[in-house]
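Below is one structure, written out as structure tokens, with a few remarks after it.
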Amino acid sequence: MNKNNNWKVLDLFCGCGGLSLGFMKQGFEIVAGVDNWKDSLITFEGNHAGAKSILTDLGNFDPIELSKMIGVVDVIVGGPPCQGFSISGKRNPDDPRNQLYAGFVKTVDHFKPKAFILENVPNLISMAGGKIKDEIINDFSLLGYEIKYKVMLASDYGVPQNRRRVVFVGTRGPNKFEFPESVFNDQKNKITTSQAISDLPEESIEDGTEHKISPTSEYQCLMRKKTHKIFNHQITIHSQKTIDTIALVPDGKNFKSLPTHLQNTRKVNIAWTRYNSMKPSLTIDTGHRHHFHYQYNRIPTVRESARLQSFPDDFVFAGTKTSQYKQVGNAVPPLMAEHIAKALLVALNETYS
Ligand SMILES: C[S@@+](CC[C@H](N)C(=O)[O-])C[C@H]1O[C@@H](n2cnc3c(N)ncnc32)[C@H](O)[C@@H]1O
């Protein structure tokens, strides 16, 4: 039983708020999201009722000012960009990107939350032979936190996508957090791309239009639970050459299925890839246009990408289409975040009841 489901959360580098959404769904109170990107904050604000959105450069700010705005928080979550770490394992204090991770550490130091969640790209663990990971653990240990970490695979938690993220969980005092068990650990029961998006039409839909196709999977019912309307489903119009080329690639295949003279038309190894309708999707990115719909001769729309990231249909993205793709691709899948939040709730209630 959750004895207290009202823990206050501050989301740093919040983007559109995928991580926060998962916590919100588990009853945490999202007090504020901080980012230096206006579009993402407009989306954040529109989808996290009651939360403040704060436009700030987290590489150059004073946590005291932040606490004047939001008061006390119990949990800090966030994914600082990791580029400030060098592969030698030493952080270069003169590199401005380094200030972003430092910003996260200094905010934890100032607010002294009961727990924090720091998520990042999985190869952070192995960078510089593990020195980066060790440094993170060391930095927070010095602040009095006990750390656990794990690389989590989103499709293990009902997300129709094989996205991996490393998640560090720190608690003040003994760390009672247990990483959630994977629920969909058999390839056969993972949510597939077609289960995720087959009810979304080939053509563009004007924002706010009602669905004309009934849901065909439990996952689609879940995504449509709070709205019958479709948003952010404007298709990309490709050149005829692109349409003709991708039309030659079968479901789940890539450039290797093309005639030899077309195989090298894009010089990346992910070129001309169609999602596999029978598997979770590849990692949703910020809009590089190399991954195509498993059936239609176009890239997925923002809404299809959002579905593959487990954003429900009532979560509406603001900004230009390019900006929306970036917000979706940057996010922690809300369903995976929800599993983390649920496990943290257990640990917090056990420690503080
Ligand atoms: C990986 S995304 C975060 C995604 C988010 N956790 C989610 O689940 O939706 C990283 C975010 O860091 C933000 N960011 C990068 N540099 C920043 C800075 N100097 N100050 C504040 N935010 C910054 C970016 O705008 C981006 O939204």
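Since the structure is predicted, the reported quantities are computational estimates derived from the model, not experimental observations. Just so you know, ligand 1 is whichever comes first in the structure, and atom 1 is the first atom listed for that ligand. Along the sequence shown, residues are numbered consecutively beginning with 1.
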Next item on the list: Identify, with sequence neighbours excluded, every residue that meets ring pair (Phe, Tyr, Trp, His ring centres under 6.0 Å) alongside His290.
Entry: His288
Item checked: Closest approach of any protein heavy atom to atom 20 (N) of ligand 1, naming residue and atom -> Leu58 N, 2.8 Å
Check: Nearest to atom 5 (C) of ligand 1, what protein heavy atom do you find, and at what distance?
Finding: Cys14 O, 3.2 Å
Next item on the list: State whether Asp156 and Lys190 are salt-bridged, where the test is any N-O pair (Lys NZ or Arg NE/NH1/NH2 against Asp/Glu carboxylate O) under 4.0 Å.
Entry: yes
Notebook entry, point to check: Looking at Val332, which atoms of ligand 1 are within less than 4.0 Å of one of its heavy atoms?
Noted result: 7 (C), 8 (O)
Item checked: SB check Lys68 Glu65 (cutoff 4.0 Å) -> yes
Checklist line | ligand 1 contact by Thr56, heavy-atom criterion under 4.0 angstrom | finding: yes
Notebook entry, point to check: Of all the non-hydrogen atoms in the protein, which one sits nearest to atom 26 (C) of ligand 1, and at what distance?
Noted result: Asp35 OD2, 3.4 Å
Item checked: Shortest protein contact, atom 3 (C) of ligand 1 (heavy atom only) -> Phe13 O, 3.1 Å
Item checked: Salt-bridge contact Asp207-Lys229 (side-chain N to carboxylate O under 4.0 Å) -> no
Margin query: Going by the closest heavy atom to atom 17 (C) of ligand 1, which one wins out of Leu55, Asn36, Asp39?
Written below: Asn36
Note to self: Quick check on contacts: which atoms of ligand 1 are under 4.0 angstrom from a heavy atom of Leu100?
What the structure shows: 16 (N), 18 (C), 19 (N)
Notebook entry, point to check: So, are Asp199 and Arg224 salt-bridged, with charged N and O less than 4.0 Å apart?
Noted result: yes
Next item on the list: Using a strict cut-off of 4.0 Å, indicate which atoms of ligand 1 neighbour a heavy atom of Leu19.
Entry: 7 (C), 8 (O)
Check: Can you list the ligand 1 atoms lying under 4.0 Å from a non-hydrogen atom of Gly15?
Finding: 27 (O)
Note to self: I need the nearest protein heavy-atom contact for atom 19 (N) of ligand 1: residue, atom name and distance, please.
What the structure shows: Asp57 OD1, 2.8 Å
Item checked: Side chain Lys106, main chain Gly103, donor-acceptor under 3.5 Å -> no
Check: Do side-chain atoms of Thr227 reach the backbone of Asp314 as a donor and acceptor pair under 3.5 angstrom?
Finding: no
Check: Going by distance only, is there an N or O of Gly79 that falls short of 3.5 Å from an N or O of ligand 1?
Finding: no
Notebook entry, point to check: Which hydrophobic side chains are connected to Phe231, either touching it within the sub-4.5 Å cutoff or through other members that do?
Noted result: Val316
Next item on the list: Can you label the angle between the His238 ring and the Phe292 ring as parallel, tilted or perpendicular, going by 30° and 60°?
Entry: tilted
Margin query: Does any N or O of ligand 1 fall below 3.5 Å from an N or O anywhere on Ala331, backbone included?
Written below: no
Next item on the list: Kindly identify the option in Pro334, Gly78, Pro81 whose heavy atom sits closest to atom 15 (C) of ligand 1.
Entry: Pro81
Margin query: Please list, in number order, the atoms of ligand 1 under 4.0 Å from a heavy atom of Gly17.
Written below: 9 (O)
Notebook entry, point to check: Which ligand 1 atoms, with their elements, are less than 4.0 angstrom from a heavy-atom of Trp37?
Noted result: 25 (O), 27 (O)
Note to self: Does ligand 1 come near enough to Asn330 that some N or O of the ligand is less than 3.5 Å from an N or O of the residue?
What the structure shows: no
Checklist line | Phe168/Phe140 under ring pair (Phe, Tyr, Trp, His ring centres under 6.0 Å): CA gap, chis, key distance, verdict | finding: CA-CA 10 Å; Phe168 292 85; Phe140 287 105; 8.3 Å; no
Item checked: Plane angle bin for Tyr157 and His339 - parallel if under 30°, tilted between 30 and 60°, otherwise perpendicular -> tilted
Item checked: Polar proximity ligand 1 side, Gly18 side, N/O cut 3.5 Å exclusive -> yes
